[in-house]
J.: 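Shown below is the structure under consideration.
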Amino acid sequence: VPYVLANVFLAISELYTIPVSILWISAYAPPRFKSILTGVYYFSIAMSGVLSSVIAKASPSKHATDLTFAHFYLYIAFGTLLFAGVMLLPRVFIKE
Amino acid sequence: MDPVVSFVAVTLTITLSLGVFLVMSNIVPIEILVAPAILLCAYFLLNVYRNATESTVKIFIKLMYFPMLISVVFFALYLQLYSSVTIFILHDVNTVIMGWNIPITWLTSIEPVFIILMAPISNRMLSYLEGKRLIIKPLNKIFIGIITTAITFFLLSISAYINDTLQVTHS
(Lines give C-alpha, C1' and ligand atoms only; values in the text may rest on other atoms or scores of the structure.)
Protein backbone atom coordinates (compact mmCIF):
# COMPACT_ATOMS: atom_id res chain seq x y z
CA VAL A 1 0.00 0.00 0.00
CA PRO A 2 2.72 2.61 0.80
CA TYR A 3 4.40 1.74 -2.49
CA VAL A 4 1.18 2.36 -4.47
CA LEU A 5 0.59 5.59 -2.52
CA ALA A 6 4.17 6.63 -3.29
CA ASN A 7 3.42 6.16 -6.98
CA VAL A 8 0.26 8.28 -6.65
CA PHE A 9 2.27 11.09 -5.05
CA LEU A 10 5.00 10.78 -7.68
CA ALA A 11 2.33 11.13 -10.38
CA ILE A 12 1.00 14.26 -8.66
CA SER A 13 4.50 15.73 -8.41
CA GLU A 14 5.11 15.00 -12.09
CA LEU A 15 1.84 16.70 -13.02
CA TYR A 16 2.76 19.77 -11.00
CA THR A 17 6.43 20.04 -12.01
CA ILE A 18 7.02 19.27 -15.70
CA PRO A 19 4.14 21.03 -17.51
CA VAL A 20 4.41 24.06 -15.26
CA SER A 21 8.18 24.33 -15.83
CA ILE A 22 7.76 24.23 -19.62
CA LEU A 23 4.91 26.75 -19.39
CA TRP A 24 7.06 28.95 -17.16
CA ILE A 25 9.92 29.00 -19.68
CA SER A 26 7.65 29.67 -22.65
CA ALA A 27 5.89 32.44 -20.74
CA TYR A 28 8.92 34.32 -19.47
CA ALA A 29 11.70 33.67 -22.00
CA PRO A 30 12.40 36.55 -24.38
CA PRO A 31 10.86 35.67 -27.78
CA ARG A 32 14.27 35.39 -29.46
CA PHE A 33 15.53 32.81 -26.99
CA LYS A 34 12.41 30.75 -26.37
CA SER A 35 13.55 27.72 -28.36
CA ILE A 36 17.12 27.92 -27.08
CA LEU A 37 15.97 28.04 -23.47
CA THR A 38 13.60 25.14 -24.06
CA GLY A 39 16.61 23.23 -25.39
CA VAL A 40 18.62 24.21 -22.32
CA TYR A 41 15.72 22.96 -20.17
CA TYR A 42 15.81 19.56 -21.88
CA PHE A 43 19.59 19.51 -21.51
CA SER A 44 19.13 20.08 -17.77
CA ILE A 45 16.81 17.05 -17.75
CA ALA A 46 19.55 15.04 -19.47
CA MET A 47 21.99 16.17 -16.79
CA SER A 48 19.59 14.94 -14.13
CA GLY A 49 20.33 11.43 -15.42
CA VAL A 50 23.92 11.89 -14.22
CA LEU A 51 22.72 13.03 -10.78
CA SER A 52 20.29 10.11 -10.71
CA SER A 53 23.11 7.64 -11.33
CA VAL A 54 25.12 9.21 -8.49
CA ILE A 55 22.16 8.78 -6.12
CA ALA A 56 21.52 5.23 -7.35
CA LYS A 57 25.17 4.32 -6.75
CA ALA A 58 24.78 5.40 -3.12
CA SER A 59 21.79 3.07 -2.67
CA PRO A 60 22.33 0.08 -0.36
CA SER A 61 23.68 -3.01 -2.09
CA LYS A 62 22.93 -6.55 -0.98
CA HIS A 63 26.28 -6.82 0.83
CA ALA A 64 26.10 -3.53 2.71
CA THR A 65 24.55 -3.94 6.13
CA ASP A 66 24.97 -0.46 7.62
CA LEU A 67 22.50 1.35 5.32
CA THR A 68 19.00 0.05 4.71
CA PHE A 69 16.60 1.15 2.00
CA ALA A 70 14.35 2.65 4.69
CA HIS A 71 17.16 4.96 5.82
CA PHE A 72 18.28 5.66 2.25
CA TYR A 73 14.84 6.85 1.16
CA LEU A 74 14.42 8.80 4.38
CA TYR A 75 17.67 10.66 3.66
CA ILE A 76 16.44 11.41 0.13
CA ALA A 77 13.11 12.69 1.49
CA PHE A 78 14.80 14.99 4.00
CA GLY A 79 17.28 16.11 1.35
CA THR A 80 14.41 17.00 -0.98
CA LEU A 81 12.65 18.97 1.75
CA LEU A 82 15.90 20.80 2.50
CA PHE A 83 16.32 21.55 -1.22
CA ALA A 84 12.74 22.89 -1.38
CA GLY A 85 13.53 25.10 1.60
CA VAL A 86 16.68 26.46 -0.04
CA MET A 87 14.78 27.08 -3.29
CA LEU A 88 12.09 28.98 -1.41
CA LEU A 89 14.52 31.64 -0.22
CA PRO A 90 14.79 33.63 -3.50
CA ARG A 91 11.07 32.97 -4.06
CA VAL A 92 10.47 35.79 -1.58
CA PHE A 93 11.93 38.30 -4.05
CA ILE A 94 9.95 37.12 -7.08
CA LYS A 95 6.64 38.69 -7.99
CA GLU A 96 4.53 36.70 -10.44
CA MET B 1 13.37 26.16 -46.25
CA ASP B 2 16.17 28.63 -45.72
CA PRO B 3 19.42 27.07 -47.09
CA VAL B 4 21.39 28.21 -44.02
CA VAL B 5 18.88 26.53 -41.70
CA SER B 6 19.00 23.34 -43.81
CA PHE B 7 22.81 23.35 -43.71
CA VAL B 8 22.86 23.84 -39.93
CA ALA B 9 20.22 21.10 -39.46
CA VAL B 10 22.13 18.60 -41.62
CA THR B 11 25.46 19.44 -39.94
CA LEU B 12 23.93 19.08 -36.47
CA THR B 13 22.33 15.74 -37.39
CA ILE B 14 25.60 14.37 -38.79
CA THR B 15 27.57 15.62 -35.77
CA LEU B 16 25.04 14.14 -33.34
CA SER B 17 25.01 10.79 -35.17
CA LEU B 18 28.81 10.74 -35.19
CA GLY B 19 28.86 11.59 -31.47
CA VAL B 20 26.40 8.81 -30.63
CA PHE B 21 28.40 6.35 -32.76
CA LEU B 22 31.71 7.31 -31.08
CA VAL B 23 30.22 6.98 -27.59
CA MET B 24 28.40 3.73 -28.35
CA SER B 25 31.53 2.12 -29.80
CA ASN B 26 33.56 3.22 -26.72
CA ILE B 27 35.98 5.23 -28.88
CA VAL B 28 35.23 8.50 -27.09
CA PRO B 29 34.10 8.79 -23.43
CA ILE B 30 30.75 10.54 -22.98
CA GLU B 31 32.34 13.29 -20.83
CA ILE B 32 34.15 14.67 -23.90
CA LEU B 33 30.79 15.18 -25.63
CA VAL B 34 29.06 16.56 -22.56
CA ALA B 35 31.69 19.26 -22.01
CA PRO B 36 30.99 21.10 -25.34
CA ALA B 37 27.25 20.85 -24.64
CA ILE B 38 27.78 22.56 -21.27
CA LEU B 39 29.96 25.23 -22.93
CA LEU B 40 27.28 25.74 -25.60
CA CYS B 41 24.62 26.16 -22.91
CA ALA B 42 26.87 28.65 -21.09
CA TYR B 43 27.29 30.59 -24.35
CA PHE B 44 23.52 30.66 -24.95
CA LEU B 45 22.89 31.78 -21.38
CA LEU B 46 25.49 34.53 -21.77
CA ASN B 47 23.72 35.61 -24.95
CA VAL B 48 20.37 35.70 -23.15
CA TYR B 49 21.96 37.59 -20.28
CA ARG B 50 23.41 40.23 -22.62
CA ASN B 51 20.19 40.74 -24.58
CA ALA B 52 17.78 40.77 -21.67
CA THR B 53 15.71 43.92 -21.44
CA GLU B 54 14.27 43.16 -18.01
CA SER B 55 16.47 43.00 -14.94
CA THR B 56 18.93 40.24 -15.85
CA VAL B 57 19.14 38.76 -12.39
CA LYS B 58 15.37 38.38 -12.27
CA ILE B 59 15.32 36.72 -15.70
CA PHE B 60 18.02 34.33 -14.59
CA ILE B 61 16.13 33.45 -11.42
CA LYS B 62 12.81 33.16 -13.20
CA LEU B 63 14.00 30.98 -16.08
CA MET B 64 17.02 29.10 -14.85
CA TYR B 65 16.86 28.84 -11.11
CA PHE B 66 13.32 27.61 -10.52
CA PRO B 67 12.21 25.42 -13.42
CA MET B 68 15.61 24.09 -14.46
CA LEU B 69 17.22 23.39 -11.09
CA ILE B 70 14.00 21.93 -9.72
CA SER B 71 13.60 19.79 -12.85
CA VAL B 72 17.16 18.47 -12.48
CA VAL B 73 16.46 17.40 -8.89
CA PHE B 74 12.96 16.16 -9.68
CA PHE B 75 14.09 13.99 -12.60
CA ALA B 76 17.09 12.69 -10.63
CA LEU B 77 14.63 11.50 -7.99
CA TYR B 78 12.03 10.36 -10.50
CA LEU B 79 14.61 8.17 -12.28
CA GLN B 80 15.24 6.37 -8.97
CA LEU B 81 12.02 4.53 -9.79
CA TYR B 82 13.88 2.71 -12.54
CA SER B 83 17.17 2.24 -10.66
CA SER B 84 17.29 2.03 -6.85
CA VAL B 85 13.56 1.33 -6.43
CA THR B 86 13.83 -1.53 -8.93
CA ILE B 87 16.78 -2.96 -6.95
CA PHE B 88 14.80 -2.52 -3.74
CA ILE B 89 11.83 -4.44 -5.19
CA LEU B 90 14.13 -7.09 -6.67
CA HIS B 91 15.95 -7.88 -3.41
CA ASP B 92 13.56 -6.99 -0.62
CA VAL B 93 9.95 -7.09 -1.76
CA ASN B 94 7.80 -10.18 -1.95
CA THR B 95 6.09 -9.80 -5.33
CA VAL B 96 3.98 -12.95 -5.06
CA ILE B 97 0.27 -12.28 -4.51
CA MET B 98 -2.04 -15.31 -4.26
CA GLY B 99 0.49 -17.50 -6.05
CA TRP B 100 0.98 -15.02 -8.88
CA ASN B 101 4.44 -13.48 -9.24
CA ILE B 102 4.07 -9.88 -10.42
CA PRO B 103 6.92 -8.92 -12.78
CA ILE B 104 9.12 -6.15 -11.34
CA THR B 105 8.84 -4.09 -14.50
CA TRP B 106 5.06 -3.99 -13.99
CA LEU B 107 5.51 -2.58 -10.50
CA THR B 108 7.76 0.19 -11.74
CA SER B 109 5.42 0.95 -14.66
CA ILE B 110 2.24 1.66 -12.71
CA GLU B 111 3.20 5.32 -12.25
CA PRO B 112 2.05 6.44 -15.76
CA VAL B 113 -1.34 4.86 -15.01
CA PHE B 114 -1.65 7.11 -11.97
CA ILE B 115 -0.70 10.13 -14.09
CA ILE B 116 -3.63 9.37 -16.43
CA LEU B 117 -5.92 8.89 -13.43
CA MET B 118 -4.71 11.90 -11.47
CA ALA B 119 -4.62 14.45 -14.33
CA PRO B 120 -8.42 15.00 -14.54
CA ILE B 121 -8.75 14.90 -10.74
CA SER B 122 -6.00 17.49 -10.40
CA ASN B 123 -7.62 19.68 -13.09
CA ARG B 124 -11.01 19.50 -11.38
CA MET B 125 -9.43 20.34 -8.04
CA LEU B 126 -7.62 23.36 -9.51
CA SER B 127 -10.84 24.54 -11.22
CA TYR B 128 -12.73 24.15 -7.95
CA LEU B 129 -10.08 26.14 -6.10
CA GLU B 130 -10.17 28.78 -8.84
CA GLY B 131 -13.93 29.02 -8.31
CA LYS B 132 -13.24 29.67 -4.64
CA ARG B 133 -10.77 32.40 -5.67
CA LEU B 134 -7.83 30.31 -4.50
CA ILE B 135 -5.51 30.44 -7.51
CA ILE B 136 -2.31 28.44 -7.13
CA LYS B 137 0.49 30.33 -8.85
CA PRO B 138 2.86 28.41 -11.18
CA LEU B 139 5.86 28.70 -8.87
CA ASN B 140 3.80 27.42 -5.96
CA LYS B 141 2.71 24.49 -8.13
CA ILE B 142 6.38 23.64 -8.75
CA PHE B 143 6.97 23.73 -5.00
CA ILE B 144 3.94 21.51 -4.38
CA GLY B 145 5.51 19.13 -6.92
CA ILE B 146 8.85 19.02 -5.11
CA ILE B 147 7.21 18.57 -1.70
CA THR B 148 5.06 15.68 -3.00
CA THR B 149 8.30 14.12 -4.31
CA ALA B 150 9.62 14.27 -0.74
CA ILE B 151 6.36 12.64 0.46
CA THR B 152 6.90 9.92 -2.18
CA PHE B 153 10.26 9.05 -0.68
CA PHE B 154 8.83 9.14 2.86
CA LEU B 155 6.27 6.57 1.72
CA LEU B 156 8.97 4.47 0.05
CA SER B 157 10.93 4.64 3.30
CA ILE B 158 7.84 3.44 5.22
CA SER B 159 7.41 0.66 2.66
CA ALA B 160 11.05 -0.41 3.12
CA TYR B 161 10.73 -0.18 6.93
CA ILE B 162 7.58 -2.36 6.95
CA ASN B 163 9.35 -4.83 4.68
CA ASP B 164 12.44 -4.94 6.95
CA THR B 165 10.24 -5.46 10.03
CA LEU B 166 8.32 -8.28 8.33
CA GLN B 167 11.56 -9.98 7.27
CA VAL B 168 12.92 -9.81 10.85
CA THR B 169 9.61 -11.19 12.20
CA HIS B 170 9.66 -14.10 9.72
CA SER B 171 13.30 -14.96 10.40
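The sequence lines fix the lettering, A, B, ..., with proteins before strands; numbering per chain opens at 1.
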J.: What residue among B:Ile115, B:Thr152, B:Leu155 forms side chain to side chain contact (heavy atoms under 4.5 Å, CB included) with A:Leu10?
T.: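 Of the listed options, the one satisfying the test is B:Thr152.
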J.: For B:Leu126, is it the side chain, the backbone, both, or neither that has a heavy atom closer than 4.5 Å to a heavy atom of chain A?
T.: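 It is the side chain, since no backbone atom gets that close.
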J.: So B:Ile110 and B:Trp106, do their side chains get closer than 4.5 Å, heavy atoms only?
T.: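 Side-chain contact under 4.5 Å: no.
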J.: What orientation do B:Phe74 and B:Tyr78 show, parallel under 30°, tilted 30 to 60°, or perpendicular over 60°?
T.: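 The rings of B:Phe74 and B:Tyr78 lie parallel, inter-plane angle below 30°.
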J.: Can you tell me which of B:Ser157, B:Ala119, B:Ser159 forms the most heavy-atom pairs within a distance under 4.5 Å of chain A?
T.: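 Most pairs with chain A among the choices: B:Ser157.
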J.: What part of B:Leu81 lies closer than 4.5 angstrom to a heavy atom of chain A: side chain, backbone, both or neither?
T.: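 The answer is the side chain of B:Leu81.
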J.: Which region of B:Ile89, side chain (C-beta onward) or backbone (N, CA, C, O), has a non-hydrogen atom less than 4.5 Å from a non-hydrogen atom of chain A, or is it both or neither?
T.: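 Side chain only.
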J.: For A:Phe83, which atoms come within 4.5 Å of any heavy atom of chain B: side chain, backbone, both, or neither?
T.: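 When you check distances to chain B, only side chain atoms of A:Phe83 fall under 4.5 Å.
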J.: Is B:Val113 close to chain A through its backbone or its side chain, or both, or neither, when contacts mean heavy atoms under 4.5 Å?
T.: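 No part of B:Val113 comes within 4.5 Å of chain A.
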J.: Same cluster or not: A:Tyr75 versus B:Val85, using hydrophobic residues (I, L, V, M, F, W, Y) connected whenever any side-chain heavy atoms lie under 4.5 Å apart?
T.: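 A:Tyr75 and B:Val85: one cluster.
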J.: Considering only heavy atoms from C-beta outward, does the side chain of B:Ile70 approach that of B:Phe143 to under 4.5 Å?
T.: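 Side-chain contact under 4.5 Å: yes.
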J.: Checking heavy atoms, do the side chain of A:Ile18, its backbone, both or neither come under 4.5 Å from chain B?
T.: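 Contact with chain B: side chain only.
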J.: Check whether A:Ile55 gets within reach of chain B through its side chain, its backbone, both or neither, counting any heavy atom under 4.5 Å.
T.: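 Looking at A:Ile55, backbone and side chain both touch chain B.
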J.: Decide yes or no for B:Phe154 and A:Leu81: does some side-chain heavy atom of the first lie under 4.5 Å from some side-chain heavy atom of the second?
T.: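 In contact.
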